[in-house]
Amino acid sequence: MAAAPGDIVLVPLNRREEIGVVWDGPTDRTVPDARLKPVSAAVDAPPLTEALRKFVDWVAAYTLATPGEVLAMALRVNLLRVAPARTGWMLAAAAPEAGRLTPARARIAAVLADGRPRSAAALARAAGVGAAAVRGMADAGWLLPAALPVGPAFDWPDPAHPGPALSQVQAAAAAHLRAAVAAQRFRVDLLDGVTGSGKTEVYLEAVAECLRQGRQALVLLPEIALSSQWLERFERRFGVAPAVWHSDLPARTRRTTWRAVAEGAAPVVVGARSALFLPFPDLGLVVVDEEHETAFKQEDGVIYHARDMAVVRARLSEAPAILVSATPSLETLANVEAGRYGHLTLAARHAGAAMPDVAAIDLRAMPPERGRFLAPPLIEAMRATLAQGEQVMLFLNRRGFAPLTLCRACGHRMQCPNCTAWLVEHRARRVLQCHHCGHAEPIPPNCPNCDADHTLTPVGPGVERITDEAAETFPEARRLVMASDTIPGPDAAAAAAAAIAAREIDLIIGTQIVAKGWHFPHLTLVGVVDADLGLAGGDLRAAERTVQLLHQVAGRAGRAEAPGRVLLQTFSPEHPVMRALVQGDLAAFMRREAEERRPGHWPPFGRLAALIVSADTGEAADATARALGRTAPAGEGVAVLGPAPAPLAVLRGRHRRRLLLKTRRDIAVQPLLRTWLDQVAVPRGVRVDVDVDPVSFL
Ligand code: ADP
Ligand code: ZN
């Protein structure tokens with residue numbers, strides 16, 4: 001068979017048949033012809049487009065993964081079980097003009113004029129002719145066979161379906177984005193607007209324009225499982241639901257959705273980062289909502305940042321990208337500053353809703369009662385808010401009851417046997433659990449170290465403990481805990497959101513789940529139990545991330561008529577992060593952050609790549625890490641930090657060491673990494689993972 005690049009084929013490999021894709025580029029002459037085997041069969045699926053093939057190659061080169069590993073992400077469906085395509089007919093270019101056809105044939109040509117293939121039966125019906133007329137025209141060579149879509153026919157969102165009347169500022173931003181989509185060219189715009197300013201409504205206008213252009217749109221959301229409100233919003237705007245893509249979909253839905261995307265039958269896809277690898281034949285827009293979110297970084301397998309790769313995907317598809325956030329990342333702001341990205345700003349909340357009033361509670365001056373975690377001013381504010389029939393949210397980014405369990409007699413701390421991590425008490429389930437590897441054990445009655453009786457004590461709060469405390473103080477308040485273990489999936493999240501919107505809940509206690517784009521009109525008070533929590537890690541982006549997270553949480557308050565209030569419990573109200581939040585001046589904070597990173601060439605003013613060495617023993621990890629240290633690249637504008645034990649020195653029983661390559665922005669890390677890794681033989685059982693542009697430093 002004649003195969004062309006992009007064709008999906010079955011090939012014999014050892015004794016199995018594997019799926020492969022015919023790739024571009026010159027033939028690999030290093031394998032002798034005698035060792036090659038013929039392709040077994042073509043797979044009945046649309047070929048992968050050139051844009052997607054280039055994207056696979058690009059991601060592989062950037063992340064130092066193999067093209068095969070990246071391609072596997074594009075083919076994460078069982079293609080052999082995808083229903084075979086049905087064949088229909090399209091009009092041949094060679095067909096004579098209508099005037100020179102019989103009336104029946106002219107009607108057939110008129111139906112096919114829109115370029116969409118039809119089955120013989122559908123064509124005969126639409127043209128009001130018999131089956132013989134279609135056959136005759138095909139026999140004449142004036143109809144050509146063409147594959148028919150077999151995916152679920154996703155309903156076509158109607159761009160003319162009326163959306164809300166936009167404010168002047170919103171309309172101007174929307175017009176700019178519509179023009180970018182209509183131009184069918186690559187460009188990137190940051191849509192930067194305070195929480196509740198209508199960013200979603202604005203970028204949905206760009207989606208509408210993309211539909212008018214007849215191209216496909218992709219919207220990436222950081223946590224699709226928490227996006228029930230977004231989906232409702234889309235339906236209200238367009239009258240139908242979009243196609244949804246994420247890794248937890250049932251296999252059958254994945255197959256049909258993949259196929260529908262490949263056939264252009266899914267006009268809008270909303271998905272998690274893996275949706276970037278879907279086989280869009282004609283991608284016309286990529287939107288990354290909440291672009292600052294670290295959830296866009298994939299941390300295992302092929303390690304990539306979906307926000308950055310979304311921009312690449314757009315470029316290779318000649319399509320615009322829109323990055324959306326109330327708290328843009330420093331990376332994106334630097335691109336705006338450098339003139340690489342456009343900048344659209346929505347400075348005020350929609351319909352005159354005020355931004356919440358943010359204040360710090362100095363825990364040194366106003367500590368909670370002994371053994372408690374809510375300070376008196378927060379309790380007072382909660383009381384007043386609840387008394388008015390409004391909702392309160394308490395935020396603490398820690399699951400479980402207590403992050404540490406300690407023996408009062410000997411000081412022993414309960415640690416995970418597999419990880420460098422304390423076990424977290426989950427009281428409701430009566431276990432101590434590791435949040436890194438999942439290890440769980442019952443809470444022992446005696447200290448495993450000194451055997452003292454009932455001396456194990458929880459230290460510090462998690463959301464469960466805060467919930468208990470709030471329940472004692474406000475027994476009447478109807479409570480809801482929102483954490484990944486209490487809200488396990490999209491249905492639970494949707495139910496929770498609906499209960500809050502229906503005012504069946506008075507008090508929400510949650511982890512970072514509650515920081516997502518929720519719109520709760522009756523929520524007017526947000527209490528941050530431990531505003532200092534995210535600063536403790538001290539990595540490169542700790543301050544930036546804390547500002548972003550807390551600003552997003554704060555943004556849940558006062559989104560309708562009643563003004564919102566936010567109280568931050570902190571031991572350091574003078575910290576720049578707290579000041580930025582209290583003054584509501586994030587831009588100033590980000591400028592300051594930029595000035596701190598610029599001189600040392602820290603990202604985004606320099607480049608980073610991490611090597612993570614892991615092995616079954618500390619000695620094996622050390623040996624390879626030291627070998628990498630000895631052969632580390634050097635030179636002007638290049639530095640290597642480490643090797644050093646990772647903060648998570650043991651994870652799932654693997655011993656981990658880290659090295660960090662740091663270069664000036666004008667020096668690419670990939671060639672340095674390739675040469676470096678080529679020089680070190682990595683023994684069996686030792687792994688070296690490459691993380692370009694690391695987000696996590698654990
Ligand atoms: P953001 O994404 O910036 O946080 P949203 O797009 O979620 O803001 O808008 C906040 C709320 O205001 C939503 O309920 C949205 O439907 C509503 N809204 C925004 N703009 C308009 C508008 N022009 N007309 C009516 N409602 C609007
Ligand atoms: Zn563990």
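Positions are given from 1, in the same order as the sequence printed here. Ligands are counted one by one from 1 in listed order, and the atoms in each one are counted from 1 as well. Being a predicted model, the structure only gives us computed values, none of them experimental.
One option in His350, Arg556, Arg233, Glu201 has a heavy atom closer to atom 13 (C) of ligand 1 than any other, and that option is Arg233.
Side-chain polar atoms of Ser696 and Glu299 form no donor-acceptor pair below 3.5 angstrom. Side-chain contact of Thr511 with Arg399: a donor-acceptor pair under 3.5 Å is absent, judged by distance alone. His292 and Ser325 are linked by a side-chain donor-acceptor pair at a separation below 3.5 angstrom, with hydrogens and angles left out of the test.
At a cut-off of 2.8 Å, Cys419 is counted among the residues with an N, O or S atom near the Zn ion (ligand 2). Under 2.8 Å from the Zn ion (ligand 2) lies no N/O/S atom of His435, from backbone or side chain alike. At least one N, O or S atom of Cys434 sits under 2.8 Å from the Zn ion (ligand 2).
Residue, atom and distance of the protein heavy atom nearest to atom 11 (C) of ligand 1 are His519 CE1, 3.7 Å. Of all protein heavy atoms, the one closest to atom 2 (O) of ligand 1 is Thr200 OG1, 2.8 Å. Looking at atom 3 (O) of ligand 1, its nearest protein heavy atom turns out to be Lys199 NZ, 2.7 Å. Protein heavy atom nearest atom 8 (O) of ligand 1, with residue, atom name and distance: Gly198 N, 2.9 Å.
Taking the six-membered ring where tryptophan is involved, the planes of Phe238 and Phe234 are tilted, since the angle between them lies from 30° to 60°.
Considering backbone and side-chain atoms alike, Ser197 places an N or O below 3.5 Å from some N or O of ligand 1. The shortest N/O to N/O separation between Gln170 and ligand 1 falls below 3.5 Å.
Looking at Arg233 and Glu201, a side-chain N of the basic residue comes within less than 4.0 Å of a carboxylate O on the acidic one, giving a salt bridge. Between Glu293 and Arg307 no salt bridge is recorded (no basic side-chain N to carboxylate O distance below 4.0 Å). Of the charged side-chain nitrogens involved, none lies within less than 4.0 Å of a carboxylate oxygen, so that Lys199 and Asp289 do not count as a salt-bridged pair.
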With salt bridge (charged side-chain N to carboxylate O under 4.0 Å, His left out) as the criterion, how do Arg541 and Glu593 come out once you've worked through the C-alpha distance, each side chain's angles and the decisive distance to 0.1 Å? CA-CA 9 Å; Arg541 297 188 185 85; Glu593 187 72 14; over 6 Å; no
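For the ligand labelled ligand 1, residue Leu346 lies outside the 4.0 Å heavy-atom shell. The closest approach between Gly196 and ligand 1 falls below 4.0 Å for a heavy atom of the residue.
Atom CZ of Arg340 is separated from atom OG1 of Thr332 by 10.5 Å, given to the nearest 0.5 angstrom.
The atoms of ligand 1 that sit less than 4.0 Å from any heavy atom of Val194 are 3 (O). If you number the atoms of ligand 1 from 1 as listed, the ones under 4.0 Å from a heavy atom of Leu166 come out as 23 (N). The atoms of ligand 1 that sit less than 4.0 Å from any heavy atom of Pro164 are 22 (C), 24 (N), 25 (C). Listed by atom number, the atoms of ligand 1 under 4.0 Å from Arg559 heavy atoms are 4 (O), 7 (O), 10 (C).
Between His426 and His435, the gap from one ring centroid to the other is short of 6.0 Å.
If you run side-chain contact (heavy atoms from CB on, under 4.5 Å) between Met482 and each of Ile500, Ile509, Ile505, only Ile500 comes through.
Heavy atoms of Ala165 found under 4.0 angstrom from ligand 1 belong exclusively to the backbone. With a 4.0 Å cut-off on non-hydrogen atoms, Val202 does not touch ligand 1 at all.
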